[in-house]
Amino acid sequence: MGDDCDRGEGRHPIVLVVDDNPAIRDMVAWALELDGYEPAEAAEGQEALAWLDNAVREGRYPAVILLDLAMPGMDGETFLQRLRSRWEPAYPFPRIVVITAGSGLDTAASEVQQVIVKPFHVRDLLDVIRRLTP
């Protein structure tokens, strides 16, 4: 699977799950792994940025980021702003899927490809990720 977003040892697209709810992170990561993706997890935006810094140093880039908006610490919108300002332009920007309980995000003005409202079925989430990854 020659994916521009995954330059590491693995052959599976990396999907970063950023959500403060550990049950959601666990369920989504488990489903992603079963579906052939390499899941990574972060509980809030600052942790996700730290994970990305480490991954980028290893030459690994997520194909998709699943992002909760309402999180303690750094919320999803702040994370997106920081990600935009730090992203290395030589690599494709990850596809962004917002997972939210309904708080609004201006998807027209951001890199968000899809918004999924909680509660959601993991099968629907996987369908979206499959459409966004090569």
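Here the structure is a predicted model, which means the values were calculated and not measured. All values below were derived from every heavy atom in this structure, side-chain atoms included, with hydrogens, water molecules and symmetry-related copies excluded.
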Requested in this report: Please test Val115 against Ile99 for side chain to side chain contact (heavy atoms under 4.5 Å, CB included), starting from the C-alpha separation and ending with a verdict.
Outcome: CA-CA 6 Å; Val115 175; Ile99 300 174; over 6 Å; no
Is it true that a side-chain atom of [X] and a backbone atom of [Y] form a donor plus acceptor pair closer than 3.5 Å?
{"X": "Thr133", "Y": "Ile129", "value": "yes"}
{"X": "Gln114", "Y": "Val97", "value": "no"}
{"X": "His12", "Y": "Gly36", "value": "yes"}
{"X": "Glu44", "Y": "Glu47", "value": "yes"}

When rounded to the nearest 0.5 angstrom, what distance separates [atom1] in [X] from [atom2] in [Y]?
{"X": "Leu67", "Y": "Leu16", "atom1": "CG", "atom2": "CG", "result": "8.5 Å"}
{"X": "Gln81", "Y": "Met74", "atom1": "CD", "atom2": "CE", "result": "9.5 Å"}
{"X": "Arg82", "Y": "Leu52", "atom1": "CZ", "atom2": "CG", "result": "13.5 Å"}
{"X": "Arg130", "Y": "Tyr37", "atom1": "CZ", "atom2": "OH", "result": "6.5 Å"}
{"X": "Asp127", "Y": "Ile116", "atom1": "CG", "atom2": "CD1", "result": "9.0 Å"}
{"X": "Phe79", "Y": "Ile96", "atom1": "CZ", "atom2": "CD1", "result": "6.5 Å"}

Report task. Would you indicate whether the side-chain heavy atoms of Leu32 and Val17 approach each other to under 4.5 Å? Result ->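 The answer is yes, as the side chains (C-beta and beyond) meet within the 4.5 Å cut-off.
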Query raised in the report: Are any non-hydrogen side-chain atoms of Leu83 and Trp87 less than 4.5 angstrom apart?
Result: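 Yes - at least one pair of side-chain heavy atoms lies under 4.5 Å apart.
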If Ile, Leu, Val, Met, Phe, Trp and Tyr residues are connected whenever their side-chain heavy atoms lie under 4.5 Å apart, and connections chain through other members, are [X] and [Y] in the same group?
{"X": "Tyr91", "Y": "Leu49", "value": "yes"}
{"X": "Leu132", "Y": "Phe120", "value": "yes"}
{"X": "Val28", "Y": "Leu34", "value": "no"}

Requested in this report: Identify whether the distance between the nearest side-chain nitrogen and carboxylate oxygen of Arg25 and Asp20 falls below 4.0 Å.
Outcome: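 Between Asp20 and Arg25 there is no salt bridge, as every charged N stays at least 4.0 Å from the carboxylate O atoms.
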**Report entry** Pair Asp35 + Arg123: basic N to acidic O under 4.0 Å
**Finding:**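 Answer for the salt bridge query: no.
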Query raised in the report: Any idea which heavy atoms bring Pro39 and Ala29 closest together, and the distance?
Result: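 Looking at all heavy atoms of both residues, the shortest contact is CG-O, 3.4 Å.
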Query raised in the report: Given the rule in the side chain to side chain contact (heavy atoms under 4.5 Å, CB included) test, do Arg84 and Leu80 qualify, once you have shown the distances and angles that lead to the verdict?
Result: CA-CA 6 Å; Arg84 260 185 241 122; Leu80 267 181; 3.9 Å; yes
Requested in this report: Starting from the C-alpha separation in whole Å, work towards a yes-or-no answer on side chain to side chain contact (heavy atoms under 4.5 Å, CB included) for Leu69 and Val98.
Outcome: CA-CA 7 Å; Leu69 290 183; Val98 167; 3.5 Å; yes
